Amino acid sequence: MAGRNRKRNRFKFLTKKFPIRMQRKLVMLFMAVILAFVVLIGRITWINASRGSSYTKVVLDQQNYDSRVIAYKRGDIVDRNGTKLATSERVYNVILDVAAMTDNGEKDDYIEPTKAVLKECFGIEESVVDALIEEKPTSQYEILATEVDYETAQKFNKIDDDDKNYPNVRGIWLEDDYTRTYPYNSMASDVIGFVYDGNQGAIGIENAYNDILNGTDGREYGYFDTESSLERTVKPAKNGNTVVSTIDITLQSIVEKAILDFNQEYAGDGELGSKNTAVIMMDPNSGEILAEASYPNFDLNDPRNLTALYSDQEWDDMSEEEQVSAMNDLWRNFCVSDAYEPGSTIKPFTVAAALESGTLKGNETFYCGGSKNVLGTDINCAHRDGHGTQTVQDSIANSCNVALMDIALDLGADDFTRYQNIFGFGEYTGIDLPGEAETSGLLYTAENMTDIDLATNSFGQNFNVTMTQLVSAFCSLVNGGYYYEPHIVKQIQDEDGSVIETKDPVLLRKTVSSETSQMLRTYMKATLDYGSGQGAQVEGYDIGGKTGTAEKLPRGNGNYLLSFIGFAPVDNPEIVIYVVVDEPNTDAQADSGYAQRIAKAIMEEAFPYLGITTINESGEETKTEGTSVEQTEYTDYDENYEETYDNPDGSYIDEDYDPDLDDWAAGDTSE
């Protein structure tokens with residue numbers, strides 16, 4: 001009974017011993033498997049050692065790899081007539097495939113011939129190649145030289161194609177690249193700007209339109225096919241767009257020649273002819289800037305070369321921080337970034353505000369005895385002996401401070417400051433150049449302006465403007481009252497020359513009536529007919545304008561900023577020119593004649609080129625009549641009162657200000 005209940009072992013077969021014959025067969029099978037693995041491992045080791053490169057190519061069949069970047073060409077900057085102001089020229093980088101030269105370390109046959117060609121064509125020392133062989137024997141991309149010119153590249157290409165005389169040259173190839181060049185060197189340097197770190201614009205148009213000028217790199221992809229041949233797939237680069245500026249290179253040349261002539265004439269004893277000399281020429285009916293220049297300028301092809309301003313010893317004695325500051329000062333665009341007290345060029349605006357507000361009718365007269373007492377303080381006129389009785393026209397023509405103070409005090413602080421804003425003073429103009437000065441804090445408000453401040457503001461002292469602000473506002477004063485946004489770029493084209501976008505004139509606001517504009521043009525014609533601007537008159541043309549002489553802070557040091565702003569023809573202005581001379585290198589600076597002579601030299605050449613209507617063509621040769629006062633030595637207006645204004649001339653750049661270039665120029669350069 002007990003035997004029947006014992007459980008059977010279902011896994012007994014697992015413990016059963018194999019017969020001797022079976023055990024021998026299993027041992028033989030195991031030995032055969034081990035032997036096969038030994039043979040396979042040996043075979044793999046032999047293949048890898050003897051034919052590894054070939055089999056690597058087979059393994060990489062249809063496997064993509066990133067071969068190289070194809071550089072895009074940065075777009076050109078051209079003048080309004082298509083003349084290139086900035087362009088990118090093709091150059092080449094010398095690339096060495098170390099692995100190909102050494103045949104993956106298997107042969108030395110190609111090393112010496114390749115080194116000899118590198119030395120002969122590109123001046124690359126053999127030690128450079130030897131170091132690469134030792135340090136990076138498997139590298140397939142090593143840059144040995146950059147910016148190789150076309151002639152040198154052609155010399156190498158002939159050698160590369162000559163398999164008969166140079167059969168063992170391997171691993172050298174040339175990669176296309178571009179370098180930025182400026183055909184006119186220093187011409188319009190502040191406006192054009194330059195690039196650094198390849199394709200990053202530093203200042204000027206190069207900076208403001210950086211994204212428009214830049215393109216997108218292409219790529220070349222390669223793979224090995226089943227026959228171990230290298231196949232390539234190319235995604236081409238998308239080149240940058242061309243920026244068509246409003247600048248006319250002929251006018252720019254005329255302007256810069258006049259500026260240079262003046263500064264060379266007055267240079268001496270290691271001093272420049274002036275601290276700054278600047279000119280803007282603008283189309284008053286569109287806001288287009290036809291020429292813009294300042295002195296000293298710099299070579300766009302070598303912007304860090306300041307040898308014209310500093311001797312080698314002076315430069316070496318400067319700290320790195322001082323050197324950077326000196327370069328930034330030189331690169332800063334005075335016309336856009338610097339603010340200053342404008343002086344008497346502001347007087348037409350004061351008169352315009354009074355006419356528009358109804359305070360002034362235009363038939364009033366004023367008496368100038370040489371000074372005016374305001375709140376117990378005598379403020380002198382520039383003509384210490386006094387101008388006597390002056391009409392409104394005379395007050396502009398003879399630049400009478402006393403008459404202007406009378407007009408402004410009648411106008412009042414509320415209307416005066418309101419019209420300052422209407423004319424755009426204290427505000428950004430929106431010009432499409434970087435670094436525009438922030439001037440809102442450089443003007444009085446109606447709340448903090450005293451009668452003395454109002455009196456001095458009326459003739460252009462105790463508040464600051466920029467050249468761009470004043471010339472833009474002045475254009476509206478003479479063109480019928482239309483304030484156009486100033487701009488330096490008129491069109492964007494693709495690399496084939498097809499127009500992508502066009503910048504049409506942008507009318508921002510109406511500043512004065514056409515009647516007021518007409519009266520101001522007549523008053524400013526008198527300035528050149530019998531007033532303070534006779535030195536700027538050009539025979540055969542009907543010109544209006546205004547002179548300016550502003551004593552700089554701190555007062556009493558004999559430093560002045562001189563200016564002249566003019567337009568032609570008077571009846572229908574076609575051009576406005578604004579000249580500023582900051583601290584001329586002369587014993588007596590207070591003479592606006594310096595600015596007038598520069599303006600006259602420019603107008604004499606520019607007007608015929610532009611086809612400005614002459615007096616003969618218009619058939620209207622009229623002279624304005626009024627009281628002419630003999631010019632006397634300038635005397636400081638403010639010597640009898642304590643100075644309260646403390647904003648000196650100079651840069652007022654707001655680094656956080658990012659000008660809006662509008663959607664028209666926001667073209668997408670990426671695919």
Side-chain angles (χ1 to χ4, degrees), residues 188-193 201-208 274-282 287 289 292-298 325-343 345-346 349 417 420-445 457 460-476 483-489 508 548 550 552-553 559 561-563 565 576 578-583 645-661:
S189 56
D190 293 341
V191 172
I192 298 170
I203 62 172
I205 294 173
E206 293 276 31
N207 176 272
S274 65
K275 182 179 179 181
N276 293 290
T277 306
V279 175
I280 296 178
M281 294 185 73
M282 183 179 281
I289 295 174
E292 178 175 305
S294 64
Y295 179 91
N297 54 11
F298 57 93
S325 177
M327 286 188 287
N328 286 332
D329 287 344
L330 180 62
W331 298 338
R332 191 173 70 241
N333 187 343
F334 179 88
C335 300
V336 173
S337 301
D338 279 41
Y340 54 87
E341 294 173 278
T345 51
I346 215 68
F349 296 96
T417 54
Q420 280 187 317
N421 292 330
I422 289 173
F423 288 124
F425 301 129
E427 300 177 358
Y428 290 116
T429 65
I431 188 173
D432 47 346
L433 286 174
E436 184 172 8
E438 206 291 309
T439 60
S440 61
L442 305 179
L443 275 67
Y444 288 99
T445 65
N457 273 219
Q461 296 230 209
N462 284 7
F463 75 95
N464 282 18
V465 302
T466 68
M467 284 190 73
T468 305
Q469 284 177 340
L470 195 139
V471 73
S472 301
F474 188 86
C475 285
S476 77
Y483 188 106
Y484 289 99
E485 182 180 65
H487 58 282
I488 202 76
V489 169
L508 296 180
K552 299 179 64 173
L553 291 173
N559 292 327
L561 184 139
L562 316 169
S563 58
I565 189 162
V576 168
Y578 184 27
V579 178
V580 167
V581 180
D582 184 14
E583 297 186 26
Y645 190 70
D646 59 358
N647 292 310
D649 296 6
S651 173
Y652 284 91
I653 297 176
D654 180 0
E655 300 293 346
D656 296 326
Y657 174 61
D658 186 16
D660 179 11
L661 300 183

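Quick caveat, the model's predicted, so the values are computed rather than measured.
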Would you check, one step at a time, whether the test side-chain contact (heavy atoms from CB on, under 4.5 Å) holds for I565 with V579?
CA-CA 6 Å; I565 189 162; V579 178; over 6 Å; no
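- For I203, the side chain to side chain contact (heavy atoms under 4.5 Å, CB included) partners at least two apart in sequence or on another chain are F194, F298, W331.
- Using a 3.5 Å distance cut-off with no hydrogens or angles, the side chains of E436 and T429 do pair a donor with an acceptor.
- Not a single donor-acceptor pair under 3.5 Å links the side chain of S189 to the backbone N or O of N297.
- With hydrogens and angles disregarded, a donor-acceptor distance shorter than 3.5 Å links the side chain of Q469 to the backbone of T466.
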Would you please test N421 and E427 for side-chain contact (heavy atoms from CB on, under 4.5 Å) and show each step?
CA-CA 7 Å; N421 292 330; E427 300 177 358; 4.0 Å; yes
From CA spacing to verdict: side-chain contact (heavy atoms from CB on, under 4.5 Å), D649, L561:
CA-CA 9 Å; D649 296 6; L561 184 139; 4.1 Å; yes
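- Pairing each heavy atom of L470 with each of F425, the nearest pair is CA-CE2, 4.0 Å.
- Side-chain contact between I431 and I289: present, with at least one pair of heavy atoms (C-beta onward) separated by less than 4.5 Å.
- Between K552 and E341 no salt bridge is recorded (no basic side-chain N to carboxylate O distance below 4.0 Å).
- Of all the heavy atoms in P342 and V465, the pair that sits closest is CB-CG2, 3.8 Å.
- Heavy-atom minimum distance, S563 versus T345: OG-CG2, 3.3 Å.
- Of the possible donor and acceptor atoms, none in the side chain of D582 sits under 3.5 Å from a partner among the backbone N and O of T277.
- Smallest separation of non-hydrogen atoms from C475 and M282: SG-SD, 3.5 Å.
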Take E292 and N333, measure what side chain to side chain donor-acceptor pair (under 3.5 Å) needs, and give me the verdict at the end.
CA-CA 10 Å; E292 178 175 305; N333 187 343; 2.9 Å; yes
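- The main-chain N or O of G435 is found under 3.5 Å from a side-chain atom of S337 such that the two form a donor-acceptor pair.
- Results of the side chain to side chain contact (heavy atoms under 4.5 Å, CB included) test with N464 over T439, L442, L443 single out L442 as the only residue that passes.
- Side-chain contact between Y428 and Y657 is present, with heavy atoms from C-beta onward closer than 4.5 Å.
- The aromatic rings of Y444 and Y645 lie tilted to each other, with the angle between the two planes from 30° to 60°.
- The backbone N or O of I488 sits less than 3.5 Å from a side-chain atom of D432, completing a donor-acceptor pair.
- By the side-chain hydrogen bond (donor to acceptor under 3.5 Å, both in side chains) test, S472 pairs with no residue at all, sequence neighbours left out.
- Using modelled atom types and a 3.5 Å distance limit, the side chains of S440 and E438 yield a donor-acceptor pair.
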F423 vs Y483, side-chain contact (heavy atoms from CB on, under 4.5 Å): CA-CA, chis, key distance, verdict:
CA-CA 8 Å; F423 288 124; Y483 188 106; 5.9 Å; no
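- What you find for Y652 and A339 is that their closest heavy atoms are CD1-CB, 3.6 Å.
- Closest approach of T445 to T417, counting heavy atoms only: C-CG2, 4.0 Å.
- Annotation: side chain of M467 is in contact with side chain of Y340 (closest heavy-atom distance under 4.5 Å).
- Using a 4.5 Å heavy-atom threshold, the side chains of L508 and Y484 count as separate.
- Legend: residues meeting side chain to side chain contact (heavy atoms under 4.5 Å, CB included) with D338, ordered by chain and number and at least two apart, are R332, F334, S651.
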